[in-house]
K.L.:
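My structure is below; once you've seen it, I'll send some questions.
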Amino acid sequence: QKEVEQNSGPLSVPEGAIASLNCTYSDRGSQSFFWYRQYSGKSPELIMFIYSNGDKEDGRFTAQLNKASQYVSLLIRDSQPSDSATYLCAVRGSQGNLIFGKGTKLSVKP
Amino acid sequence: NAGVTQTPKFQVLKTGQSMTLQCAQDMNHNSMYWYRQDPGMGLRLIYYSASEGTTDKGEVPNGYNVSRLNKREFSLRLESAAPSQTSVYFCASSELRGSGNTIYFGEGSWLTVV
């Protein structure tokens with residue numbers, strides 16, 4: 001059974017700072033990794049996915065993957081109060097489903 | 001473009017009652033999923049359907065049944081609701097694209113069993 005671990009937080013950063021969210025996974029054979037954002041009372045929404053070692057950038061978001069260390073991270077530059085949410089890390093399962101971590105709650109203080 | 005639509009959004013059931021959560025997607029996706037989300041537990045897969053006509057158990061299937069009615073619709077049934085099934089339920093759908101697999105979620109159904 002694949003497992004995904006995240007620090008539950010809360011992680012608090014000041015507005016304009018870089019927020020760093022981390023995730024580790026148990027299955028060395030995992031190929032695809034995803035970051036979702038979930039606002040309170042809302043459904044998860046995809047931020048980005050990554051499947052190659054290294055960095056992938058999309059606007060203020062950068063996903064980093066290190067397969068040797070089984071580690072995925074999400075950096076949010078110039079954090080805004082609107083980024084305050086729970087961030088879910090996920091890996092793709094063998095049947096196409098996603099296996100989620102429990103999420104890290106991020107709070108960006110004005 | 002509606003995406004993934006779930007009904008009902010809110011429901012209160014008495015222990016032992018039955019109900020069906022409905023889900024439909026308009027993105028022509030082959031795969032559909034039902035997850036539940038509980039505080040401190042994250043999202044857990046209940047059942048999934050890789051394609052029309054197939055269904056398989058996920059991590060927490062006990063107490064649930066599903067039906068893949070056609071390519072668009074995937075329903076989740078609670079035959080005899082228990083308080084432990086109080087949760088938020090999310091339906092989702094996806095289409096494999098290379099090494100990525102973008103899963104899109106419905107808005108959720110808040111279920112309370114008293």
Side-chain angles (χ1 to χ4, degrees), chain A residues 1-10 21-27 29-54 56 58 63 65 67 72 85-105, chain B residues 2-7 9-10 21 23 25 27 29-51 54-61 66 68 74 87-110:
Chain A
Q1 172 73 3
K2 296 183 181 182
E3 293 184 351
V4 179
E5 298 288 339
Q6 294 182 257
N7 188 323
S8 62
L21 303 159
N22 305 314
C23 171
T24 59
Y25 59 95
S26 64
D27 185 351
S30 295
Q31 297 292 318
S32 305
F33 308 87
F34 303 81
W35 283 101
Y36 280 77
R37 176 177 62 198
Q38 186 175 26
Y39 293 112
S40 180
K42 301 295 185 182
S43 59
E45 55 180 342
L46 180 71
I47 298 174
M48 59 196 312
F49 71 85
I50 185 169
Y51 51 85
S52 297
N53 265 335
K56 180 180 180 181
D58 184 359
L65 173 61
K67 289 187 176 180
V72 188
T86 297
Y87 289 80
L88 304 170
C89 175
V91 302
R92 184 157 71 94
S94 58
Q95 298 298 328
N97 60 300
L98 291 185
I99 300 166
F100 286 88
K102 295 180 181 179
T104 298
K105 187 172 184 178
Chain B
V4 180
T5 304
Q6 295 179 231
T7 57
K9 191 170 179 67
F10 299 99
L21 299 176
C23 176
Q25 52 92 8
M27 295 175 281
H29 287 165
N30 281 311
S31 300
M32 297 186 72
Y33 314 87
W34 277 105
Y35 286 88
R36 61 178 287 176
Q37 187 174 36
D38 304 291
M41 298 298 294
L43 281 156
R44 293 180 293 170
L45 183 66
I46 305 171
Y47 270 93
Y48 64 97
S49 172
S51 61
T54 68
T55 61
D56 286 286
K57 295 178 180 179
E59 181 184 355
V60 288
V66 291
R68 184 71 182 270
F74 188 38
S87 188
V88 183
Y89 292 85
F90 289 101
C91 179
S93 70
S94 74
E95 194 65 66
L96 284 173
R97 295 171 184 169
S99 297
N101 177 13
T102 302
I103 286 188
Y104 297 91
F105 286 87
E107 294 187 341
S109 297
W110 274 254

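Residue numbers begin at 1 in each chain, while the letters A, B, ... track the order of the sequences. As a basis for the values below, the full set of heavy atoms in this structure was taken, side chains included, without hydrogen atoms, waters or symmetry mates.
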K.L.:
Is it the side chain or the backbone of B:L45 that comes within 4.5 Å of chain A heavy atoms, both, or neither?
P.N.:
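Just its side chain gets close to chain A.
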
K.L.:
Could you tell me which portion of A:L88 (side chain, backbone, both or neither) has an atom closer than 4.5 angstrom to a non-hydrogen atom of chain B?
P.N.:
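The side chain, not the backbone.
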
K.L.:
Spell out, as yes or no, whether a donor-acceptor pair under 3.5 Å connects the side chain of A:S43 to the backbone of B:G106.
P.N.:
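Yes.
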
K.L.:
So does A:L98 get a backbone contact from the side chain of B:Y35, meaning a donor-acceptor N/O pair under 3.5 Å?
P.N.:
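Answer holds: yes.
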
K.L.:
Indicate the atoms forming the closest heavy-atom contact of A:Q38 with B:F90, along with that distance.
P.N.:
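Closest heavy-atom pair between A:Q38 and B:F90: NE2-CZ, 3.7 Å.
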
K.L.:
As an exercise: rank B:Q37, B:E107, B:R44 by heavy-atom pairs under 4.5 Å with chain A and give me the winner.
P.N.:
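When all of B:Q37, B:E107, B:R44 are compared, B:Q37 has the most.
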
K.L.:
Using every non-hydrogen atom in the two residues, find where A:G41 and B:W110 come nearest and quote the distance to one decimal.
P.N.:
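Looks like O-CH2, 3.3 Å.
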
K.L.:
Atom CG in B:D56, atom CG in A:N97: separation rounded to 0.5 Å?
P.N.:
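Between B:D56 CG and A:N97 CG, I get 10.0 Å after rounding to 0.5 Å.
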
K.L.:
Judged by atom type as modelled, is there a donor-acceptor pair below 3.5 Å linking the side chain of A:Y36 to the main-chain atoms of B:I103?
P.N.:
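Between the backbone of B:I103 and the side chain of A:Y36 there is a qualifying donor-acceptor contact (under 3.5 Å).
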
K.L.:
Determine whether more than 12 heavy atoms belonging to other residues, nucleotides or ligands lie under 6.0 Å from atom NZ of A:K105.
P.N.:
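No, not enclosed.
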
K.L.:
If you measure from CE on A:M48 to OG1 on B:T102, what distance do you get to the nearest 0.5 Å?
P.N.:
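Output value for this atom pair is 11.5 Å.
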
